Every structure is written in C-alpha cells, then in structure tokens.
Amino acid sequence: MTNLSEEANCKREAQLEHVWGNLPGWGALAAVNHTSIGFRFMATGMIFFLIGGVLAMLIRTQLAMPEQEIIEASLYNQIFTMHGTVMMFLFAIPVLEGVAMYLVPKMIGTRDLVFPRLSALGYYCYLFGGVIILSSLVLEVAPDAGWFMYTPLSSNTYSPGPGSDFWLLGITFVEISAISAGVELVVSILRTRANGMALNKMPIFCWYILAMALMIVFGFPPLILGSVLLELERAVGFVFFETSGGGDPLLWQHLFWMFGHPEVYIIFLPAAGIVSTLIPVFARQPLVGYRWVVLGIITMGFVSFGLWVHHMFTVGIPQLAQAFFSIASMLVAVPTGIQIFAWLATLWQGKVVFHLPMLWIVGFLVVFVCGGLTGVMLALVPFNWQVHDTHFVVAHLHYVLVGGMLFPLIAGFYYWLPHVSGRMPSDKMGRWGFWLFFGGFNTTFLLMHLTGLLGMPRRVYTYEAGLGWDWLNLISSIGGFIMAIGVAVIIVDIVLHFRFGRRAEQNPWGADTLEWAIPMPVNAYNFSSMPDITTRHPMWENPELVESIAAGEHGLAEVQSLRRDIYGSDAVTGKVREVVHLPTNSWLPLMTATVLAVVCVSLLIKAYLIALAAAAVALVLVLRWSWENGAHPRAAPVGTNDPVDPPLHSRTCDGPGLWGMVVSLMANGTLYVSLLFGWFYLWTAAPQWSTPETSPLALIPLAASGILLTLAVMIYHGAVSRLRKRNAGSLGLRLWLASAIGFTHWCLLAWVLQTSSLQPTELAHDAVLTVALYYLLLHSGLAMIFTVLQALRVQRGYVGSSLPYEPIVIQPFWVYTLGVFWLSFAMFLLLPMAWGAP
Amino acid sequence: MFGWFTFVLVVVVGLWLYAIRRAPEPVSKARARQVQNRWILWGGLVLPITSMAVILAFGVPAGHQMLPLPPAEGKALRINVTAHQWWWEVQYPDSGIQLKDELHVPAGVPLDLHLTSADVIHSFWVPRLGGKLDMLPGRTNVLRLQADEPGTYRGQCAEFCGTHHAHMKFTVTAYSPEDYQAWLREETVND
C-alpha cells in the first residue's frame, strides 16, 4: 500500500469516527452507541454491586453474635430486602446485559446493535429506576417484605408504608430496560451477523446470549404482571391476592417464581458463555462438543421454565405436582453436566496456558459445582421441607449465584480489560484479589450450610445464644469481611491498571473471536470495514483480518450520506440481505426515560393526574421517536445514490423492525398469558372464588365492537398485502379507514367498560376482567394511533410503494390485538358461561 | 447423600485440575472425537442421571412417611394451629383445649397438624421433628409429625412474616402416654 492510500485510509477512518462517535461534552448523554451504553450498564451495575455489598456487610455485622441489637428488626428487614433486590435486579442482570451489549456486535462482526436508541432508553430506565429504589433506603422507607415480596405481607394491610410501592414501581421500571435489551439482543444476533456467519458458525457466547435474551423476553412479563396487579391492589384496592374477595396470595408466588426461576438461568447463561469463551482460548483448543453445548443451552432454557414450583414446595401443593417439579428440577443437572464436561474435555485435550482469568474460571468451577450439588439435594422434596427457608438455602443460593455469575464475570472482566484499555491487568495483585475473595467466600458460606441444617431460619435479625449457631455465624461474618477486602483489592487493581498496566499487543490472549480484530482501545465503529466470516474461529484461521479490516478491504468501508450503516443478514445462513441504516445520537431516549421516571415518582406519591399527563407525554415522545425513521430527513431520505443490492432495510418488506415487533409481541403475549394463568388459577384454586350473579358486561355490544375490530384489521391487512406487491394505490385512504373503524371499536369498547357493573374492589373475578378490558383498550388504541401516523407518513412521502417497511412492521400488532380480543372474549366470557356460571 | 456429593465434587474438581496440568500428546482427529464424546456422554448424561436415581431411591420413601395418610394403627391426634403476627394459637378439637405458643403431645403417636394463618404467610417448623409447612390465610394445610421420644422440642416460624419474625417461636413438649393423659386431665379440669 502506498503512502497516499494510507492517507486516504486515515481520512476514511476519521469520517467513520465522525459519523459513529458520540457528541462532545454533555452530548455524550445522547449517545446510542453500544460500546458507550454497554460501559454505562457495567459501571452503574458495579456501583450498585458495591452498595449491595455494604448492605451485606451490615447484615453480617448484626448476625456476628447472638442477641445483638446493633441494627433493630425493622431496619434489618429493609436491609436484607434491599440486599437481595439490589443484587438481583440492579447488579446481576444489568451488568450481564452490559457485557452482552458491549461484546455481541463485536463478536458477530458488526458496528452496533440494531435498535441503538432502545439501548439508550433501557440504560436510562435502569439508572432512574435504580436511583428511585435506592432513594427509599435513604428516606428510611425501604421495602421490608423480603426480595420476593410475598403477599399478604407486602399488601396494604401489613405493609402500609410506601416501601412496597417503591419496590413494585421501581422494579417494573427497571424491567423495561431488561426487556428492551432482550428484544434488541435477539434481533441483533439473528439479523445483523457478518456476511456468511451461519448460525452454526456463530461464537458460542452469542448462543448463550441469544438464549438469555429469549428467556428475558419470556421470563420477565409474569413478574411485570404480578407487580402491576399487586400495585393495583395496593393503590386502588382491586382484589387479586386477598382471599376474602376470591383472590389468592399463592397467585403472587406463582407469578413471582415463573419469573424468578428463569431469572437464575438468565444470570447463569451469559456467565457460562464467558466460561465457554475463555476456556478454549486458554486451552488453545476449540470448544469440545459445540453442538452438545448448544443443545445443552437450549434444553436449559426450556427446562428452567418448568421449575418455578420448586420454590414453593412447602406451601402444601399436591404430591403429584411436587414429584413432577422435583424431577424437572433435577433434570437441569443434565445440561449443566454436559457443559461442565465439555469444558473438562476441552482442557483435557488442549495445552493450557494459565493466566489470571483461568484462576477465576477454576474458582467458578469449585464454587458452582458445590452449589449445583446442594441444588440437586434441595430438589428432593423431603429434604427441601427440612431446609427450605433456612440458612442452608442462603448458602446454596450464594454458591450458585456468586459461583455461577460473579466468578465468571470477573474472569471476563480481566480477560476483556485489554480490549477496553489497551493495557494488561497485573498478575500479582489479581492473584491476591482472587485468593482473598475465594477464601472469604468459602469461609462465609461453606459453614452456613451447617448453620441451616442446625435449624437457623433465614431472615431473622437475631438469634438466641446456645443453639450451636454462635461460632458458625461469627466465622461467616469474618469470612464476609475477608471477601470485602478481596473486592477492594480487585477494584484497586482494575483502576490502577488503566494507569500503570503494561501496553497490550493486538489479541494478547491469542483468542479466536472477532472482537480481537478491532484496534485497542476500542473505537466507535468497531470495524473499519465489514469482513465475510465463514469460520467459527476467524482470528485463529485468518489472523491477517486485523490488517485487512483496518485497510478497508471489506464491505461498507466508505460512509454513505453520513449514515450509520451496517449489514442485515439472513437469520440462519448469515448471508447479507440488506444495508441497515441506524439512527444516530438522539436525546429522545433520555427525554422519554425522564418522563417515565416522572410517571413512576408521581405514582409513588399518588399524584395520579400528573402520572397520567406524564404518560401521555411519554407516548408523544415515543411517537416522535418512531417518526424519525425510514425516509425521514433525519434517517435515510430517498436519494439517488441509495444502494440497490443489497437495498436499504427501510426499502424492504422484512427488515429488523418486523423482527423487533414480533419479539416484543412475544413478551407482550407472555404478559397476557400470565393474566390468563391468573384467571384460571384463581378460578380453580382460590379458596373463596365467586362470580357475580349476572354478567357484568353487555355481551352484544362487546361482540359488536369485536366485529368492528375484525373489520379494521381486515382493511389494514388488505392494504399491507397490496403494499407487499409494491402497490400503494389508495394506501393512505385504507389506512385512514382502518384507523376510523378502529376508533369506533375503541369507543364502543370504552362504553362497554363504562356501563359495566364491574366491582373490581369487591371481586377478584371482576378485577381480572377489568384489567383485561383495559389491556384491550390500550392495544386497540395504540394500533389506531400507529395507523394514523402511517397515514400521515404516506402523505409526507415517507411511506409508499418503494418504502413499504413501516406499515408491515405494524401489521403484527393489529393481528395480535385482534387475537387477544377474541381469545379474551372466549376465555373470560364464553368459557365461564359454558361452564354454567352466569 | 452428602458423602456421595462430596465425592462427586472432589472428583470433578480433581479432573479439571489434572486436565489443566496435563500435557496431551497429539492424537488423531477421530481418536480425539471419540474421547470427547465419551466425556460428554459419561459426565454429562450418565453421571447426573445415576445421581438422581440414587437420591430419589433414598428420598421417595422418606417423603412418603410425611404424608398425612391414615396411620397403620391407631388414630392420629388432630391439633389446629393458627398463626398470627407474631404468635401461635393452638387448639385441640377433641378436648377443646386452647394454648398459646406451646404444643403438648404424646410421644410415639402420629400428629395431624391443621395449619392456617389469620394474617400473613407463616411457616410451621420444628427442626428436630421434621419438615416445615407454610400456613396460608384462607387455606388449611395438614402436616404429619411424630415425636418418637419424650422431651422438649424448639419450633420457630420459618417464613418471613414481618418485624418480629425472629421472635415467633414455640415449644413442643412430648410426654410418655401416661404423662400425656395426666396433662390432659389437668388441662380439662382447669377449664
């Protein structure tokens, strides 16, 4: 290469940096870039981790000796509730999401996640939600009913303060971020891989993240529903969990653990992904049994949804169900075993180079296998009856979560540090940190198993002397403080390394995955040009990729029209199908999240009118957000030099937006199915379930409104079918018509709700029905507004025969709304009638 | 059970450490594949499934004893326990005796404890006598227990139930059959 072209290359890269970089100064708050957002998730998560750690230290201080009164009971209850909440919701999941957001695009050879503004929104929701939850601790009104908030203890009667509201609203707010990250990661992994990266050539880490993201999509909605229902019960007195009106406190436990158990695997899978990535690198040997491991990941994902009841073995459920869930719980040992032995076989066959990250991996193995084995014991029902809710369980869950998540996470931190900073971590201090942490951890929790077996229940703020628990607790407390020192050493080590670490060479660990083809420290656009990838180990087989990518020898090397362009590829084969143009820096995510925070806080202080107004503002902001898409001047206006082969995604019929819509509807559908579950559960299992004498709803008008909705969907469907054939004749008119009929349906439905004799504060039956009706109203209302917006876009020329993208994205939403309407009609009204109830 | 699991833990960790230290000789691809499949098959499938079979064989009969099935001989003694924040209301439906925070039972006789709650969820647990069972408002769960030897057993609420959860305790006093009859007479006379 001549000097001249080198100069041209520098100019080219400068332009890439200009287009992909964040705004300067405060403008960084408008960043949507996955590297920045991933960092922010990780850094914020680590701060929450330290806060959670301080809470844990307070707990251990109080329990160090019997009958201490350092912390009084009510404060202790707040502390342990917040410790669990912070660690699970504000540390574990967001940090892992941050790792995934940072790494996934780099591993699959692309420049950003596919919905960048959504990443930014997710981050701000997480940050604001976390701050709201923690503020309760400062205000001394923190939730104190345990991190799983069992009703009726968390209900108005027994927790009259705002503590539970903080929890329910704050966590729901944080979960917006989890679900948005889940949707985004699924679509990014499936639709934006490097050209030629078929599913079976994908780095194993991405399989883990794909599974995790899908589990988030299906796992979080039950808890969101549960939180909404409980908050409705607390705020306006709807009956869901109160026995007297036909509710059942056990419904909360079901909804909570339907989320709670998959959650454990949502945390474990990405961490195991780190292990599966690191071991082959240090063993200098491809992962043994790639297919087996993928199979194990998928099995784990499925099985983990069938296990939630094992958290409820002591509530007195039927024996047969217990046997089923017991065996299912044990079955999880199989995919875990497959992975552990695949790792073992990889090490067995390879020549292992032992660096600091490997130390943490070995630590992971010891701690996690121990936790896994006590887990199998717990799955055994009679044993569970004995140790459930004792310190044995506390020890078990810390072995599984710290072993299964924190150890691999720190291994990963050390491993990817050079990627971030361009410097190597220090070996000596890192080892000190490891041994202090590992030793401290086992001192704390190994003997805690025995404390539990000796009968010490969990969540007691003190205990009597002389029960044989004294010395065990003292040792646990000492271990806890050693562990804290270990954390401090690790943090100091990592901070110092940014300043004093040895400069790292390119690909310092000799890794096989694509993220190491990027210059270190990392730039804003990852890949200066986008290579074709046809192997599972690109950096082992083509180490020259580093130079050829930097020299701009691959795809999308030149910036076009100052757009952020990446490739969109086929979900299975990874062949390029379109050029996806991504939105650039935007203030909309921050604004939307701020307004949502206003909604959250005004609900907390029970200022419902402000909440409603803020929600409306949030809707406007989100609509504005969707407006700046496609052929809008701020996105990709129709130009003469638009690429044709492959085309821009907003000119196609099957772009990532459609995938995003479908995945979001899966999450939404899970929420709805959880509501149906609640309905059938209360109907069949609530001790005092009762139905009103006469049907509270006017059936005929309701059916009529359903027919109107069907009509609207048919018209919309017809318009989109023609559009797919690139026929946009009378498109605008059809869209207006669909929204007008949709509006009539909405008014009729609202009238039915208005004139109904529903008594949601008296009967659980009516409460569920009311929620279902509001759910339907919300959906058809949104579908109508979206369609009006599309009709306006047709007038502006943003949608048309060559720009069919957006109406196609909205079509599944209409179909979903219709499906949910008739399903609700059948399940909530017809089925009970057929059963003989009024 | 603990022995077996400790053994598994030590073997797995030992194998890992050995695998890390071991310097393998170069082997053919086919041979390597064979070795790999063997690891995954034995370690990933056979080992966990055998372990499960072992503990189920041990656990199922143990679980069976705790079910409130009709006892082989005699009749189980019924006691109703209602949990409150933060105390236990104990009632003997056969003799009408009411107690607070204490149970008195004959040793060697199966007990059917009918458990319910007046407010939030609690859990009835006497560690030395057996498993725990939750006490839910609006429902009644039946727990089968038996104290084999006379003596005093300590019990405690095992489901977090609010501020004074840590102090929600009770005692179970088990008597020999004669002493129990004596206690019964005394209680009924007092009423």
Side-chain angles (χ1 to χ4, degrees), chain A residues 73-74 77 145-146 150 152-153 158 243 248-250 288-289 292 296 314-316 319 327 330 333-334 336-342 344-345 347-352 354 358 362 365-366 369-370 373-374 376-377 380-383 385-386 388-390 455 457-463 687-688, chain B residues 1 5 8-9 12-13 15-17 19-24 27 32 35-37 39-40 42-45 47-49 51-52 55-56 58-59 62-63 66-67 85 119-121 123 125 127-128 130-134 136-139 141-142 154 156-166:
Chain A
S74 64
N77 296 343
Y150 276 3
L153 183 59
Y158 302 102
T243 326
D248 189 350
L250 281 185
V288 163
W292 278 99
T314 61
V315 300
Q319 306 301 324
I327 290 172
M330 294 183 190
V334 174
T336 319
I338 288 179
Q339 289 176 66
I340 286 180
F341 281 88
L344 173 59
L347 292 171
W348 190 267
Q349 301 220 312
K351 264 198 169 62
V352 181
F354 204 89
M358 274 306 280
V362 174
L365 177 84
V366 175
V369 171
C370 184
L373 291 173
T374 52
V376 178
M377 296 183 201
L380 190 67
V381 175
F383 185 71
W385 284 344
Q386 183 60 25
H388 181 81
D389 270 323
T390 67
R458 67 197 282 201
R459 301 178 162 185
V460 290
Y461 81 101
T462 191
Y463 51 94
Q688 296 178 32
Chain B
M1 185 162 70
F5 281 128
V8 172
L9 176 70
V12 172
V13 173
L15 277 173
W16 262 57
L17 293 177
I20 291 175
R21 291 191 178 275
R22 175 185 116 100
V27 285
V35 174
Q36 296 167 2
N37 286 342
W39 275 120
I40 292 177
W42 284 94
L45 291 174
L47 176 74
I49 291 172
S51 298
M52 275 185 260
I55 61 170
L56 280 177
F58 161 84
M66 298 191 193
L67 298 184
Q85 271 180 331
D119 39 49
V120 305
I121 299 173
S123 190
W125 188 34
R128 283 167 62 203
K132 59 180 71 66
L133 201 57
D134 288 0
L136 302 145
R139 286 169 194 269
N141 283 329
V142 182
R154 197 181 149 278
Q156 182 161 8
C157 174
E159 180 68 59
F160 180 66
C161 59
T163 318
H164 298 293
H165 167 60

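Letters A, B, ... are given to chains in the order of the sequence lines, protein chains preceding strands, and every chain is numbered from 1. Keep in mind that what you see is a predicted model, and the values were worked out from it rather than measured.
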* **chain B contact via A/T336 - which portion, at a heavy-atom distance below 4.5 Å** => neither
* To do: Determine the option with the most heavy-atom pairs under 4.5 angstrom with chain B, choosing from A/T243, A/L347, A/I338.
  => A/L347
* To do: Find the distance between CH2 (A/W292) and CG (B/L45) and round it off to the nearest 0.5 Å.
  => 5.0 Å
* **Any donor-acceptor N/O pair, B/K132 side chain to A/H388 backbone, under 3.5 Å** => yes
* Asked: For the atom pair CD1 (A/I340) and CD1 (B/I40), what is the distance rounded to the nearest 0.5 Å?
  -> 12.5 Å
* Structure fact -> If you tally heavy-atom pairs under 4.5 Å between each of A/V369, A/T374, A/N77, A/V366 and chain B, the highest tally belongs to A/N77
* How many angstroms lie between CG in B/L9 and CG in A/L373, if you round to the nearest 0.5 Å? -> 6.0 Å
* Heavy atoms only: give me the nearest A/V352-B/I20 pair and the separation to one decimal. => CB-O, 3.5 Å
* Structure fact -> Most contact-rich option vs chain B, by heavy-atom pairs under 4.5 angstrom, among A/F354, A/Y463, A/Y461, is A/Y461
* Would you please test A/L153 and B/I121 for side-chain contact (heavy atoms from CB on, under 4.5 Å) and show each step? => CA-CA 7 Å; A/L153 183 59; B/I121 299 173; over 6 Å; no
* At what distance, to the nearest 0.5 angstrom, does CH2 of A/W348 lie from CD of B/Q36? -> 13.5 Å
* To do: Check each atom of B/D119 against the heavy atoms of chain A and say whether the ones under 4.5 Å are side chain, backbone, both or neither.
  => both
* Structure fact -> Assert top hit (heavy-atom pairs under 4.5 Å, partner chain B, pool A/Q688, A/K351, A/Q349) equals A/Q349
* Partner residues of B/R154 under the salt bridge (Lys or Arg N to Asp or Glu O under 4.0 Å) criterion, sequence neighbours left out -> A/E464
* Asked: B/E159 versus chain A, heavy atoms under 4.5 Å apart: side chain, backbone, both or neither?
  -> both
* Structure fact -> Closest heavy-atom pair, B/N141 versus A/V315, reported as atoms and distance to 0.1 Å, is ND2-O, 2.9 Å
* Rounded to the nearest 0.5 Å, what separation is found between the CG atom of B/L15 and the CG atom of A/L365? -> 10.0 Å
* Structure fact -> Looking only at heavy atoms, the pair that brings A/R459 and B/H165 closest together is O-CD2, 3.2 Å
* Considering all heavy atoms of both residues, which atom of B/W39 and which atom of A/A345 are nearest to each other, and what is their separation? -> CD1-CB, 3.5 Å
* Structure fact -> What one should report as the nearest heavy-atom pair of B/W125 and A/Q386 is CZ2-O, 3.1 Å
* **Option in B/A166, B/P48, B/G43, B/P127 with maximal non-hydrogen atom pairs under 4.5 Å from chain A** => B/G43
* Mind listing the closest non-hydrogen atom pair of B/G44 and A/F341 along with its distance? => N-CD1, 3.9 Å
* Of the listed residues (A/P152, A/G146, A/P457), which shares the most heavy-atom pairs with chain B below a 4.5 Å separation? -> A/P152
